[in-house]
Number of protein chains: 2
Amino acid sequence: MAKASTVYDVAAHAGVSIATVSRVLRRPADVRASTREKVLASVWELGYVPSANARGLAARRTGVLGLYFPNLDAMEELDDAEFHGSGLVEVVRDMPDSGLVRPPNLYFDEVLRGSELEAWRQGFALMVGVGRGAFPADMVNDIAGRVDGMAVLAQSVPDAVLEHVSRRIPIVLIAGPRRGDDYDHVSVSNAAGMDALTTHLLDVKGVTNFAYLAGPEDSPDGAERFDGFRRALENRGLDPDASPVLRGGFSRQRGREVTTELVNTGMLPRALICANDQMALGALDVLRAHGVGVPSDVIVTGFDGIEAGSTASPRLTTVRQPMVDLGRAAMRAMLSRLEDPKQPPISLRLPVKVLLRESSEGPPS
Amino acid sequence: MAKASTVYDVAAHAGVSIATVSRVLRRPADVRASTREKVLASVWELGYVPSANARGLAARRTGVLGLYFPNLDAMEELDDAEFHGSGLVEVVRDMPDSGLVRPPNLYFDEVLRGSELEAWRQGFALMVGVGRGAFPADMVNDIAGRVDGMAVLAQSVPDAVLEHVSRRIPIVLIAGPRRGDDYDHVSVSNAAGMDALTTHLLDVKGVTNFAYLAGPEDSPDGAERFDGFRRALENRGLDPDASPVLRGGFSRQRGREVTTELVNTGMLPRALICANDQMALGALDVLRAHGVGVPSDVIVTGFDGIEAGSTASPRLTTVRQPMVDLGRAAMRAMLSRLEDPKQPPISLRLPVKVLLRESSEGPPS
DNA sequence: GGATCGAGTGTAAGCGCATACAACGAGCGA
DNA sequence: TCGCTCGTTGTATGCGCTTACACTCGATCC
């Protein structure tokens, strides 16, 4: 690493001009085979790796797509304790509530994988940023300066900032509400999914007595799901306002708290509809602890389709979101916009899948 | 996005020179307050976002750290079927083996999160790359040209390529074997962890009859774990070669297959030690299906500490790797190398934690 | 055999920014 | 009052690459 070599070094070493070196790397067909090999040999010998900065500057494109997340995991609060463990190994008894579980498989992991996959397929690299700290807007700006386009997760960026950076690069919104026709937008069928699930419980399982465990007030996805729930009831002539609605916070812990309330007040419904899987898992925790049978006494359902729901017992009935596809679709929309900036706004709704499992259906046959 | 504005536009609009614009953004304290505000107003009005390429070129650093993974998920094989679903919602009965489960929470997700966190803390952005396709080396090269330093997951890059790019930027190896003193290296105490777990089984549970479900031949981590297993037996005067060793492939499916063999041949041991959690979960699947009690008849243990292991039933005894910390440590090592290129090679071993759960200990008290 | 053509290569002009250095003016001490 | 310093701003250069354009030279054509 003494001093990274440049096109000039390679050109000198191979006895050609820098333009030829550049051509060998960009459009090898334009160079005579013998020259090409000479240059490649020099590249290898000098350990030459082209600077993406210089290339991007000259070519007016970076070849990078960006993905920006809000900081839902609050990981910045981790301290450094683990780096200073006393020894190499520690043996502990891990009780169900030890808090030793690892960070859950977040929504984001899959969106990220999908994004990376699609970006790669199209020949782009992917840059990720997580909004946290005092100045998330700075991070957005920073990323915006590094990429050819950026996908942004719902509500994670103030409108003003979004508008600012969108003057430089195309922006794609993932999930959340559509914001007018200003940005391309990909999301999933939240309402239709919750509607279908509720309708199944109404029609097939004959449930009429519900409680709804809602997400935080400000979640647009949560709101859409709730709408779907209400719509299903209305379609069957039931009064949607008759079902108690408990406000949660999308966390397992909040699911536990709210369910505990329900148990303590003796107001357990026949079916507990949760706005996401985490809360539903929290509900299962509490119901099991109180000896309430699921689904015999209470049916529990979630939304998202996280892995933990499929290994819980009973396995959790849920609505699976195509999160990987969400990421892929976002990148596609972005590239399509890059190709044709003047096309009309893209707005994509990805289909969801209701997964009926033992928390609503009973033991598998 | 008509045309991204530049320093020149901002300078003209604010009636200052480009140097002043640059200063306002880089070292605001060097500029008189009134000028600063004038410039910032222009920045905002013009939707100016500085080009990281130009900045990086001029400043000779990118402000980006890289993370490179091998493609263990084989996700590129996904096709586009899901994009063409017939409707918005589909309702399906999801049996335990429907294959509808989502991609597992990979090792990588957490390494990635840790990396991003630490990079952010140090004021860097993170770029990720997954090796796949015909020319993974190209991807490595591409990333290397974009970043100030790169962390690489075990065995994912050929030595020659590694050596090539390491002439341009510092490289940190994550997990896997150390390769001489050429690179900085962070890993976990695989052997010590497996040793401690096995020793617990020997001393506390009184197990003497083992079978070992090993990973693929070429996994250095797998080899270290196996060494730990053998070491524990030797330390207690047992013959390590007496325990049958089944070769797996680190996948749940392989775990199932191998365990099925064990069941069919009636050679079930008292304890089945698996080289990772995925295989252990596969073993649990099969044992449950055959009515074999865990841990009453057979004790099962894993390695890694993935989330699915903590929601399985019985919950899986395992050795938890600090994967998030692994990512963080890699970034730290990189930055430390960046600060002082001449310091001696860094080699870090992170501690692991043996988590005793119901698959070895029986029901919680 | 000279004009024409095309493949292959070189020349040179930026791309948008950071920054060393120069320039300038106001405040200061002597 | 003169020269000096310090704070503030402008000028000019270069970071490493891509690419339009010019150029060379042997092959082709009439």
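Chain letters run A, B, ... following the sequence lines, proteins first, then strands; residues in each count from 1. Being a predicted model, the structure only gives us computed values, none of them experimental.
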query = Counting only heavy atoms not in B:Gln343, do more than 12 fall under 6.0 Å of its CD?
reply = yes

Whole-Å distance separating the CG atom of A:Asp30 from the P atom of C:dG6 = 15 Å

message = I need the minimum non-hydrogen distance between B:Ser42 and B:Ala14, along with the two atoms involved.
response = OG-CB, 3.3 Å

Between [X] and [Y] (side chain of the first, backbone of the second, donor and acceptor by atom type, cut-off under 3.5 Å), is there such a pair?
| X | Y | result |
| --- | --- | --- |
| A:Arg60 | A:Ala58 | yes |
| B:Arg146 | A:Thr62 | yes |
| A:His185 | A:Leu348 | no |
| B:Arg36 | B:Pro28 | yes |
| A:Arg337 | A:Pro170 | no |
| A:Asp184 | A:Val172 | no |

key: Within residues 140-148 of chain B: residues closer than 4.0 Å to DNA chain D (heavy atoms)   = none

message = Is the shortest side-chain heavy-atom distance between A:Glu37 and A:Leu40 below 4.5 Å?
response =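 Not touching, per the 4.5 Å side-chain cut-off.
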
task = Report yes if the side chains of B:Pro322 and B:Val188 come closer than 4.5 Å at any heavy-atom pair, otherwise no.
result =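 Yes, at least one pair of side-chain atoms sits under 4.5 Å.
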
Polar pairs (N or O, both sides) under 3.5 Å between protein and nucleotides 16-20 of chain C?
unit_1	atom_1	unit_2	atom_2	d
C:dG16	N2	B:Ala54	O	3.3
C:dC17	OP1	B:Tyr48	OH	2.5
C:dC17	OP1	B:Ser51	N	3.2
C:dC17	OP2	B:Val7	N	2.4
C:dC17	O5'	B:Tyr48	OH	3.4
C:dC17	N4	B:Tyr8	OH	3.0
C:dA18	OP1	B:Arg26	NE	2.5
C:dA18	OP1	B:Arg55	NE	3.1
C:dA18	OP2	B:Ser22	OG	2.2
C:dA18	O5'	B:Ser22	OG	3.4

request  = Taking only heavy atoms on the protein side, list every residue of residues 37-45 of chain A lying under 4.0 Å from any atom of DNA chain C, sorted numerically.
outcome  =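 Contacting residues: none.
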
